[in-house]
*Asks:* 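My structure is below; once you've seen it, I'll send some questions.
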Protein chains: 2
Amino acid sequence: MPKYGRGSCWWAGRFRGGGYRLTMPRQSILEVLDNASKHLSAEDIYLAVHKIYPNVGLTTVYRTLDLLVQMGLVSKLDFGDGRARYELSESSKGVKQHHHLVCTGCNRVIDYTDFIDEEIKLLGRIEKELSKKFNFKITNHLIRFYGLCNECQNKK
Amino acid sequence: MPKYGRGSCWWAGRFRGGGYRLTMPRQSILEVLDNASKHLSAEDIYLAVHKIYPNVGLTTVYRTLDLLVQMGLVSKLDFGDGRARYELSESSKGVKQHHHLVCTGCNRVIDYTDFIDEEIKLLGRIEKELSKKFNFKITNHLIRFYGLCNECQNKK
DNA sequence: GTATAATTGAAAATGGATACCATTACCAAT
DNA sequence: ATTGGTAATGGTATCCATTTTCAATTATAC
Ligand SMILES: [Mn+2]
Ligand SMILES: [Mn+2]
Ligand SMILES: [Zn+2]
Ligand SMILES: [Zn+2]
């Protein structure tokens with residue numbers, strides 16, 4: 001009998017389609033990400049998975065995250081606090097596209113969706129122009145704001 | 001007599017004004033940055049300084065870079081290749097403001113100045129709105145493109 | 001000069017991420 | 001059911017950029 005039951009989630013097809021196995025560690029890592037409201041680090045995910053499946057290793061978490069990023073299901077983010085963070089990519093969930101506001105005081109991260117359309121539109125124009133000018137095949141872009149959140153302004 | 005002559009460069013005043021000493025390691029690190037055409041890592045800078053002053057340590061390079069960033073003379077950049085990179089900040093030199101195009105194949109980085117005005121204009125509007133909405137004091141922003149450079153497209 | 005605090009550099013420590021490798025799980029074909 | 005090939009796993013060791021520590025040196029104020 002198979003040790004890992006294959007769930008019937010929206011991502012199951014992506015796995016079989018890609019020739020990957022939807023194992024229990026992978027399944028549970030995706031579930032953690034699916035339920036997350038914050039931007040989780042690999043260790044965050046490891047700890048969460050570990051509560052339910054104590055025999056899942058940190059290495060597997062890293063490897064699975066790499067795979068998920070490569071599959072396009074997950075976005076890897078670096079907010080500058082020394083550890084990578086992960087979230088389900090926008091195309092994955094019906095999640096609205098968003099960008100980030102990062103507090104340099106406490107590392108809090110706020111998702112925002114305002115102006116996204118305008119941002120995307122400008123980025124698209126720039127992309128086209130730069131691709132031509134530098135013969136550069138642009139695959140990705142990044143807009144982000146840094147500053148101090150409400151609480152960190154009043155601190156000190 | 002002072003061991004370190006204090007240069008009469010444009011940055012000398014910034015040091016005395018801030019209550020910092022313009023020592024030889026600091027002076028030479030700034031000179032390396034001033035002459036750099038690329039985005040240098042701490043080790044790059046260490047090696048360059050080391051050729052002329054072999055007794056300057058890597059620790060001091062890191063510490064000085066932190067100081068320079070804090071003083072606003074230098075920008076610290078993270079292009080995702082596992083090491084921080086540094087450049088004189090735009091306000092420091094008469095350097096035109098620019099953003100970056102990063103090749104995920106070879107880590108080459110291209111400065112571009114196209115559309116900067118439009119970018120800044122949009123960013124300004126967004127900043128104002130987000131500051132209000134989230135009561136977030138925005139101090140900094142980031143626009144960047146990732147992709148494959150000319151050579152990396154033709155490779156493989 | 002002497003006092004005082006800032007600055008330095010070598011070595012050790014840190015910590016996130018990765019490499020390694022023996023073991024296990026899965027699956028298709030006997 | 002058994003087998004053999006391949007994918008996946010998990011613990012450990014390792015990597016490597018950056019920080020910390022601390023004693024020694026240096027710059028500035030007195
Ligand atoms: Mn987000
Ligand atoms: Mn640049
Ligand atoms: Zn904050
Ligand atoms: Zn390239």
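Small disclaimer: the values here were computed from a predicted structure and weren't measured.
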*Asks:* Take atom CD of A:Gln70 and atom C1' of D:dA7, then tell me their distance rounded to the nearest Å.
*Replies:*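 So the two atoms are 14 Å apart, to the nearest Å.
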*Asks:* Of the candidate nucleotides D:dG10, D:dT6, C:dT7, which contains the atom at the shortest distance from the side chain of B:Arg21?
*Replies:* C:dT7
*Asks:* Sequence neighbours excluded, which residues qualify as salt bridge (Lys or Arg N to Asp or Glu O under 4.0 Å) partners of A:Asp111?
*Replies:*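 With neighbours one apart ignored, the set is empty.
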*Asks:* Taking salt bridge (Lys or Arg N to Asp or Glu O under 4.0 Å) as the test, write out the residues that go with A:Lys128, two or more places apart.
*Replies:* none
*Asks:* Quick one: list whatever passes side chain to side chain donor-acceptor pair (under 3.5 Å) with B:Asp34, sequence neighbours left out.
*Replies:*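 B:Asp34 satisfies side chain to side chain donor-acceptor pair (under 3.5 Å) with no other residue.
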*Asks:* Within this structure, what is the CG-to-P distance between B:Asp81 and D:dA17, rounded to whole angstrom?
*Replies:*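 Rounded to whole Å, this separation is 10 Å.
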*Asks:* Just to be sure I understand the geometry, which residues of residues 58-66 of chain B put a non-hydrogen atom under 4.0 Å away from DNA chain C?
*Replies:*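 Within residues 58-66 of chain B, the residues near DNA chain C are B:Thr59, B:Thr60, B:Arg63.
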*Asks:* In chain order, what residues pass the salt bridge (Lys or Arg N to Asp or Glu O under 4.0 Å) check against B:Arg83, with sequence neighbours excluded?
*Replies:*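 Here the qualifying residues are B:Glu43.
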*Asks:* Holding to salt bridge (Lys or Arg N to Asp or Glu O under 4.0 Å), I want the full list of residues that pass it with A:Glu151, two or more places apart in sequence or in another chain.
*Replies:*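 Here the qualifying residues are A:Arg108.
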*Asks:* So what does B:Arg83 hit on the nucleic acid, given a heavy-atom distance under 4.0 Å: a base, only sugar-phosphate, or nothing?
*Replies:* sugar-phosphate
*Asks:* Only pairs at least two apart or in different chains count here, so list each ring pair (Phe, Tyr, Trp, His ring centres under 6.0 Å) that has a residue in residues 101-147 of chain A.
*Replies:* none
*Asks:* Between atom OH in B:Tyr20 and atom C1' in C:dA5, what is the gap in whole Å?
*Replies:*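 Interatomic distance, OH of B:Tyr20 to C1' of C:dA5: 15 Å.
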*Asks:* Taking only residues at least two apart or on different chains, which pairs with a member in residues 32-87 of chain B satisfy ring pair (Phe, Tyr, Trp, His ring centres under 6.0 Å)?
*Replies:*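 Every pair satisfying ring pair (Phe, Tyr, Trp, His ring centres under 6.0 Å) with a residue in residues 32-87 of chain B: B:His39-B:Phe79, B:His39-B:His100, B:Tyr46-B:His50, B:Phe79-B:His100.
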*Asks:* To the closest 0.5 Å, what do you measure between CG (B:Leu40) and CD (B:Glu87)?
*Replies:* 9.5 Å
*Asks:* For residues 30-48 of chain A, which residues have at least one heavy atom under 4.0 Å from DNA chain D?
*Replies:* none
*Asks:* Taking the nucleotide of DNA chain D with the closest heavy atom to each, which residue, B:Ala84 or A:Gly19, is nearer the 5' end?
*Replies:*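 Counting from the 5' end, the first nearest nucleotide belongs to A:Gly19.
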